[in-house]
Amino acid sequence: MNQLLEIKDFSVTYVNKSKKVYAVKNVNLKINKGDSLGIVGESGSGKSTLAMALLRLLPEKNTQITGKANFIGKDLVQLNQKELKNIRWNELAVVFQKSMNALSPVHRIGPQIEDIYRVHKPNASKEEIFSRITYLLRLVNLSERVYTLYPHELSGGMLQRVSIAISLVHNPKLLIMDEATTALDVVTQGQILDEIVKMEQTLDVTRIMITHDISVVAASCNKIAVMYAGEFMEIGYVKDVLKNPKHPYTRGLLSSFPSLKGEKLKLTGISGYLPNLSVKQEGCIFAPRCQQATEKCKQEKPLGVEMNENTVWCHLYSSGGELINEDQKPVYKD
Amino acid sequence: MKKYVTRRVFMGLLTIFVVFTINFIIIRLAPGDPISTIMGKDNDDPILRTALEEKYGFDKPMITQYAIYLKNALTGDLGISIIYNKEVMAMITERIVPTLLLVLTAAILAVIIGTLMGMYAAKNEGSKIDVIFSGAAYIFNSMPAFWLGLILIIIFSSVLGLLPSYGMINTRDAHTGFDYILDVIVHMVLPVCTLVLVEIPIYFRIAKSSILQVTNEDFIVTLRATGMSERKIFNKYILRNAILPTITIFGISLAYLITGVALIETVFAWPGTGSLMLTAINQRDYPTLMGIYLIMSISVAVVMVLVDIVYATFDPRIRF
Amino acid sequence: MLSVKKNTYATFKVINGDIQLKLGVFGILFLLLVGILSPILAPLDPYHYGQDILNGLGVNGHLLGTNHLGQDVFSMIIYGVRTSLMVAVISALISAVLGILIGGIAGYFGGKLDLIVSECINAFMMVPTFFLILLVIALFDNSITNVMIVIGLTTWPSNAKLIRAQALSLRERTFVKSAITMGESKTQILFKYIIPNGIFPVLANTTIGMSNAILTEAGLSFLGLGDPNVISWGQMIFMGKQYITSAWWIATFAGVAIVLTVTVFYLLGDGLNHVLNPKHSNGKGGE
């Protein structure tokens, strides 16, 4: 399979007068064509920052982005405004969390989409645009009537569908959905996730799904990346990671969600809080909250350990992927 | 939309009704009997007294008096001026044109200049010019307009001798045709500048803050992500959304300007309703004062309703 | 004791953190000081009609000159602080009390009463207040007491509107509902929970109202409707107007004093708004 996006040593730092906040630290990630990757983590773990940085939407005044993000042969970090403009929406589109505010409240929906269409096809005819937009609206199960309506005349779910339709106007290769279904009720969320998965098969898009809800990932992604305090803890196929989580943090995260299969396990959280991101920490970032942390964890950053296409950043595993110490076998806290 | 307009018009009518009622109550609460108030304290003409008693029905119960008062006011009969012995309504209509000339010129200039300054400051937030503009906004916002007028007279009339400090036309050297218009414009410069300077901060602040707010909205971030040019985003999407509060403020501040202009007119001896009001105050010409109050209140109510309707055409969210 | 210290420190930190609030608080303290110490600070009795008529700056020891009656302008300005602060505080207080009561009752009790009251508030807000004040003062007596009362009586609607909105949301909150379940009477709830918790926006609005009161008093005085027995900056401008070409200092410095005082109140109001805004509450605004 060919590679669409490769992130190498990617860091994002917020800088203001008095301090620096290391929001994303030296992350590495590969996404192949046709993948659908879910990035999960608590709020404040840097997952949205990562997405915004890839899209280059963070204010340049007070953010530093370092590392590489190779996207179809171009480095997103180094692109100038003109190259960036060509990539935006043509190759790389995004759907944001607050669908209610995703459209200008004082413009009709149709003309707003027309404007977005014309960004890359300024000479498109009215008919061409109209047929494209109505096609997309039908694709997300909306009637053509939406074209002439104002955003406040639609429900949250409908607006989210419009946002998704807008993200698809130029057939992007990569689609980032940042908490795109979080604000919706469970039923609507389920419907939209189903639609997204179906659409992907017809349109051939690769998707990054940012969410704090593991069930969303389980329902709509083939790969998962678990993020904590600006670093990846574990990346792998959903079927492997959810069934057999390797990293203590992933385990903790999973046990704080109700089981998908209805087994009545006791729900537990992870004790402690996110570390202070304005201080650079030695050792594993999760060590202070990890019940299995050793002296080594506190001093040395773990390197990624590969295990059949999955990667885990944890000192519990040797470079071959076996548990180093059998006593350290994963423990559930119940 | 229809429902909204009806509601606003009803609101305006209610306001006018409230103003009439306040007016009615005040005359009767004032020290001395209401007839002396209306005909002047120094006047003791028995014929006029009986005529007024007859006209306003002072011997009848309060309710009837109120009905008579409302009927008179609604037909434009605001009584007779004590000092000029002329219909109050006629005097006000004569004087309202110069007042409106000042108010509208100042309001339009202020909204344009203030909004442009706000746009510039919002685009260059934190820059030196933004800091200067914001600081100046504080100072001018705190300035009594009549005092600013006096200072401008000191600088531009007394010291520099550039501009006339009083009146609407040069009475010693009457002009006709185009020269007349030019003469009026020259006389307008100082009063209009005064009003514009105290009004700019209002528009500056609202424009700056609402542009900054809209710029952070999600749909602007989305539009940036589509690769749309910053210019188009600003001109079409940010401005169109950020202009809404300015419309509301325009109504409120126009109402404020209508009252504020009275003081400015007295500073520059501008022959409008404000100057009429000053004489009325000095001579305790109550019918004229009340007439001005009524007319000003009605103008303000009408302006507010109109602005609300204009607002509704700009903001689709209230069209129901 | 420790907590008091901590609270003072926290308050100080909040004040220090917002430049507008800082300037506002220090400005108000300065004005209060000048108001209290005016007999000491003023070199001459401002009510005294001296021999030096229309003296310029610094002439005969008059720092800011004298007016046509021989009064010392600098001393008048010092004493004028008292008038301005008095007008600001008393009229704003009347306006706040009225607004809080009317708005609080309307918002908390709701229903038909609220509908009528809020329509009246809206209608009142459209009435040009300055003309009304002017009319009343002209008809009644132009004493400073009347001026303050009338300003207070005509400016309450904006306060009422703010507290009404607060009451509407507060009455749905759990702590109010539990108070109802505990059997507290409606009046008790209104005064114990609704008003204390909804008062913050009114506080900021009241400081803005204070600056407006100062400007209104100045405007009335400028039209000759001020209290002739009290020294006020507006009246100094009114009197100075006739001498604007020959003795510019009379009107100019009084105006500067008004601008500075009003700016201080505006800064305080803006600062309070920033700090009390629930969006970046510093543990003071919310319950």
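These numbers were taken from a predicted model, which means no experiment stands behind them. Chain letters run A, B, ... following the sequence lines, proteins first and then strands; every chain starts at 1.
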Checklist entry - Would you call C:Val259 and B:Pro144 a side-chain contact if the rule is heavy atoms closer than 4.5 Å? => result yes
Item to check | chain B contacts, top residue of C:Gly224, C:Ala251, C:Cys120, C:Ala254 (heavy-atom pairs, under 4.5 Å) | outcome: C:Ala251
Checklist entry - Where on B:Leu278 is there a heavy atom nearer than 4.5 Å to chain C: the side chain, the backbone, both, or neither? => result side chain
Checklist entry - Would you say the side chain of B:Ile151 lies within less than 4.5 Å of the side chain of C:Trp248, judging by non-hydrogen atoms? => result no
Checklist entry - Can you say whether B:Ile22 sits under 4.5 Å from chain C via the side chain, the backbone, both, or neither, judging by heavy atoms? => result side chain
Item to check | Beyond-backbone contact of C:Asn122 with B:Thr15, side-chain heavy atoms, under 4.5 angstrom | outcome: no
Item to check | chain C contact via B:Asn141 - which portion, at a heavy-atom distance below 4.5 Å | outcome: both
Next on the checklist: Can you tell me which portion of B:Met290 sits under 4.5 Å from chain C's heavy atoms? Options are side chain, backbone, both or neither.
Outcome noted: both
Checklist entry - Is the number of heavy atoms from other residues, nucleotides or ligands within 6.0 Å of CZ (B:Phe24) greater than 12? => result yes
Next on the checklist: Given heavy-atom pairs under 4.5 angstrom as the criterion, report whether the side chain, backbone, both or neither of C:Leu260 touches chain B.
Outcome noted: neither
Item to check | Separation between CG of C:Leu134 and CG of B:Leu289, rounded to the nearest 0.5 Å | outcome: 6.5 Å
Checklist entry - Where on B:Ala262 is there a heavy atom nearer than 4.5 Å to chain C: the side chain, the backbone, both, or neither? => result side chain
Item to check | Residue part contacting chain B, namely of C:Thr252, when any heavy atom lies under 4.5 Å | outcome: both
Item to check | Side chain to side chain, B:Met143 and C:Ile258, heavy atoms closer than 4.5 Å | outcome: no
Next on the checklist: Taking side chain as everything from C-beta outward and backbone as N, CA, C, O, which of these in C:Phe130 sits under 4.5 Å from a heavy atom of chain B? Side chain, backbone, both or neither.
Outcome noted: side chain
Checklist entry - So which of C:Ser211, C:Gly219, C:Gly234 has the largest heavy-atom pair count under 4.5 angstrom toward chain B? => result C:Gly219
Next on the checklist: For C:Val256, which atoms come within 4.5 Å of any heavy atom of chain B: side chain, backbone, both, or neither?
Outcome noted: both
Item to check | B:Ile26 side chain near C:Leu132 side chain, heavy-atom distance below 4.5 Å | outcome: yes
Item to check | Beyond-backbone contact of B:Met277 with C:Phe131, side-chain heavy atoms, under 4.5 angstrom | outcome: yes
Checklist entry - What part of C:Leu267 gets closer than 4.5 Å to chain B, counting heavy atoms only: side chain, backbone, both or neither? => result both
